[in-house]
Amino acid sequence: MEKENIAVGLDIGTTKIVAMIGKKNEYGKLEILGVGKSKSLGVKRGVVDNITQTIQSIQLAVKDAEANSGYKINDVVVGIAGQHIRSIQHSDYISRSNAEEVIGDKDIDILINQVHKLAMLPGEEIIHVLPQEFKIDGQSEIKEPIGMCGGRLESSFHVVVGQASSIRNIGRCIQSSGIELSGLTLEPLASADAVLSQEEKEAGVALIDIGGGTTDLAIFKDGIIRHTAVIPFGGNVITDDIKEGCSIIEKQAELLKVKFGSAWPGENKDNEIVSIPGLRGREPKEISLKNLSKIIHARVVEIIEQVFVEIKAYGHEDPRRKLIAGIVLTGGGAQLKHIKQLVEYITGMDTRIGYPNEHLAGDSDEEISSPLYATAVGLVMNSIDNNSQSAIKVTFSAPEKVNVYRAPVEPIKEVEEVTETEMEHEIDLPKQQESTETKIRKSFFDKYVDKIKEFLDNAE
C-alpha cells in the first residue's frame, strides 16, 4: 500500500492555536483533512510565557484535529514569531580549490554552514539562512549556481535571528504534548507561501500578517525574500484600547471590534449607538459606533505606520526596489472593516486582502480559506514540501477517545520504520531536480530540529 504524504502544521498564536492536517490531492492542491483549534493560553506577543498552559492548549488543538480527521498526529511543523525575531543582511564567500569542477550541493552547504558561525548577540540563535543571489567569479545575479564552474562562490543572505530560549520553550511544549517537532518556519514566510502568488513575489510585494499579539512583515522582490520583521502589536492591543476607552470587559470589547468595528471613523453616523448589557443587573451601557471606530482607527494607524517604517527601511522608494504588487494584508486583523482603504491611504500603495484559497482544493470549507488560517495553511504546505508522513489514519471503525489514543500505539512504530526506508528510495530521484533553496531549507531544518531535540533530551 502506497504511503500517503500527510502533513501537519501547528500555528501557536497569541489568541489561538491551530493544528491543521492536510495532503495534496491529484490536482496538486491542498486538501484539508482536519482542523483543530483552541484558545491560546500561555502565549504573549508570540512568545511562550506559561509552559503548562501552552501544553494544554496544544493538546486540545491536536485532539480536536485528530477527532475531526480520523488521523493520529506523529509530528508537526511549527511557526515561530514573536518580538524577539530580527533579520540581518549578510554576504559571504568561499574559495574553491578546483575552479574547473562543477559547483554542487556540497559547496552551497559549506557556504551556508559558514554563515551559521556568525557571531550573534548573547542568547540569540540563527533560525533561517535564506540565500538571495549568488555571485560566481564576479558574475552577479545568479539564482541557481549548481552546475556552473568557478573559483569564488559568493552569496548575499537574509539571516533571521531569534532568542534561543524562546525557540527551545516551543520545542519543549511540543515534546511534552506527546508529539515530535519536525520543522520550524518563520510565520511570515509560512503566510507568504499560503497567500502570495509567484507573480506578486517577482513584481515586489509586502505581506502584512496582523495577528493577535504580533504583526509580521515579509517583503519579496524578484521572487526572493528581501526583508522580514515582527512588530510586537496586533489585534489584542486594539481590543485592550476598546476595553479601556469604553469601560467594558474584554469579551465585550472583542465582540464589539469584530461585529461593529471599523478602521475608518467617517463611515459611522453620529447617532449610531450599540447597547451593551451591564454586569450583574447594572444598567446597560450605550456606546457610540463613531467613538468605537475612532479608538480602533488610532491604534491601527500606529501599527501600519510602524510597518511602513520597516518597508521604508527596506528601501522601497528606490526604483530598482519598487514593490509593484503593493501590499497584501492577512491574519485575523485583516478582517477589520475598511482596513484595506486605511492602509492604501497611509502608504499610498495598492492593497488587497490575502486569502489562502489559491492553494486549497475547490471543496474546502469556507472557514479555512479565511485570512485567520493563512499561517496554518502555509505551515501544512511547508510540511508537504518536506515529504513528511506526519499523521497516520486510524483504522478501526469507532474512533472513541480511548481507542484513538491507545489502540494505534504499536502500529505507529511499524509505519514509521517502513516509511523512512521507503521514502529514501522514493525521494532519491526527485531530489536531484529540487531547487537549491528547497535543499538548503531541508538540510538546515534537519540539523536545527536535531539540535533542539538533543537539548531537550539533555535537559530531562
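Remember, it's a predicted structure, so these values are computed and weren't measured experimentally.
Note: Ile295 CD1 to Lys243 NZ = 13.0 Å, rounded to the nearest 0.5 Å. Ile55 contributes atom CD1, which lies 12.5 Å from atom CG of Leu41 (distance to the nearest 0.5 angstrom). Note: Ile384 CD1 to Leu30 CG = 5.0 Å, rounded to the nearest 0.5 Å. Of the inter-residue distances, the one linking Ile142 atom CD1 with Ile136 atom CD1 reads 4.0 Å to the nearest 0.5 angstrom.
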Checklist entry - Would Tyr345 and His338 count as a ring pair (Phe, Tyr, Trp, His ring centres under 6.0 Å) if you check the C-alpha gap in whole Å, the side-chain angles of each, and the deciding distance to 0.1 Å? => result CA-CA 11 Å; Tyr345 177 74; His338 307 113; over 10 Å; no
Checklist entry - Step by step, would you call His90 with Ser156 a side-chain hydrogen bond (donor to acceptor under 3.5 Å, both in side chains)? => result CA-CA 6 Å; His90 175 72; Ser156 54; over 6 Å; no
Checklist entry - Going through the checks in order, is the side-chain hydrogen bond (donor to acceptor under 3.5 Å, both in side chains) test met by Glu154 and Ser91? => result CA-CA 7 Å; Glu154 197 175 335; Ser91 289; 5.5 Å; no
Item to check | Test log, rule salt bridge (charged side-chain N to carboxylate O under 4.0 Å, His left out), inputs Lys37 and Asp64 | outcome: CA-CA 7 Å; Lys37 62 176 182 179; Asp64 195 10; over 6 Å; no
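Of the possible donor and acceptor atoms, none in the side chain of Ser166 sits under 3.5 Å from a partner among the backbone N and O of Gly162. A side-chain donor-acceptor contact under 3.5 Å links Ser38 to the backbone of Ser57. Between the side chain of Lys340 and the backbone N or O of Leu329 there is no donor-acceptor pair closer than 3.5 Å.
Between Ser177 and Ile58 the shortest heavy-atom distance is OG-CG2, 3.5 Å. Considering all non-hydrogen atoms of both residues, Phe308 and Met349 come closest at CE1-SD, 4.1 Å. Taking every heavy atom of both residues into account, Ala81 and Thr214 meet most closely at CB-OG1, 4.4 Å. Minimum interatomic distance between Ala206 and Ile219 (heavy atoms only, all atoms of both residues): CB-CG1, 4.1 Å. Of all non-hydrogen atoms in Ser293 and Pro265, the two that sit nearest each other are CB-CA, 3.7 Å. Heavy-atom minimum distance, Leu372 versus Lys16: O-NZ, 3.3 Å.
We find that Glu317 and Lys322 are not joined by a salt bridge, their nearest charged nitrogen and carboxylate oxygen being 4.0 Å or further apart. Between Glu254 and Lys251 there is no salt bridge, since none of the side-chain N atoms of the basic residue sits less than 4.0 Å from a carboxylate O of the acidic one. The pair Lys221-Asp318 fails the salt-bridge criterion, with no side-chain N (NZ, NE, NH1 or NH2) lying under 4.0 Å from an Asp/Glu carboxylate O. A salt bridge between Glu124 and Arg86 is present, with a side-chain N of the basic residue lying under 4.0 Å from a carboxylate O of the acidic one. Under a 4.0 Å N-O distance rule, the pair Asp222/Arg226 qualifies as a salt bridge. Residues Lys257 and Glu250 are not paired through a salt bridge, judged by the lack of any N-O separation under 4.0 Å between the basic side chain and the carboxylate. Remark: Lys106 does not engage Glu101 in a salt bridge, criterion side-chain N to carboxylate O under 4.0 Å. Salt-bridge annotation for Asp137 and Arg152: absent, with no side-chain N of the basic residue lying under 4.0 Å from a carboxylate O of the acidic one.
In this structure, the side chains of Tyr373 and Glu367 come closer than 4.5 Å at one or more pairs of heavy atoms. For the pair Val161 and Val159, the minimum side-chain heavy-atom distance is below 4.5 Å. At a threshold of 4.5 Å between non-hydrogen side-chain atoms, the residues Val8 and Ser383 do not count as touching. At a threshold of 4.5 Å between non-hydrogen side-chain atoms, the residues Leu207 and Thr330 count as touching. Looking at Ile304 and Val300, their side chains come closer than 4.5 Å, going by heavy atoms from C-beta outward. Under the 4.5 Å side-chain criterion, counting only non-hydrogen atoms from C-beta, Val307 is in contact with Ile231. Side-chain contact between Ile6 and Leu33 is present, with at least one heavy-atom pair separated by less than 4.5 Å. Contact check for Val377 versus Met20: side-chain heavy atoms found under the 4.5 Å cut-off.
Summarising the local packing, NZ of Lys44 is surrounded by 12 or fewer heavy atoms from other residues, nucleotides or ligands at distances under 6.0 Å. The neighbour count for Gln139 CD, taken as heavy atoms of other residues, nucleotides or ligands under 6.0 Å away, does not exceed 12. For Gln198, the CD atom is densely surrounded, since the number of other residues' heavy atoms within 6.0 Å is greater than 12. More than 12 heavy atoms of other residues, nucleotides or ligands shown are found within 6.0 angstrom of CD on Glu26. By the neighbour-count criterion of 12 heavy atoms within 6.0 Å, atom NZ of Lys24 is sparsely surrounded, having that number or fewer from other residues, nucleotides or ligands.
Under the 3.5 Å distance criterion, with hydrogens and angles disregarded, a donor-acceptor pair is assigned to the side chains of Asp92 and Gln114. Using modelled atom types and a 3.5 Å distance limit, the side chains of Ser87 and His227 yield no donor-acceptor pair. Side-chain contact check for Thr375 and Asp209: at least one donor-acceptor pair (N or O, by modelled atom type) lies under 3.5 Å.
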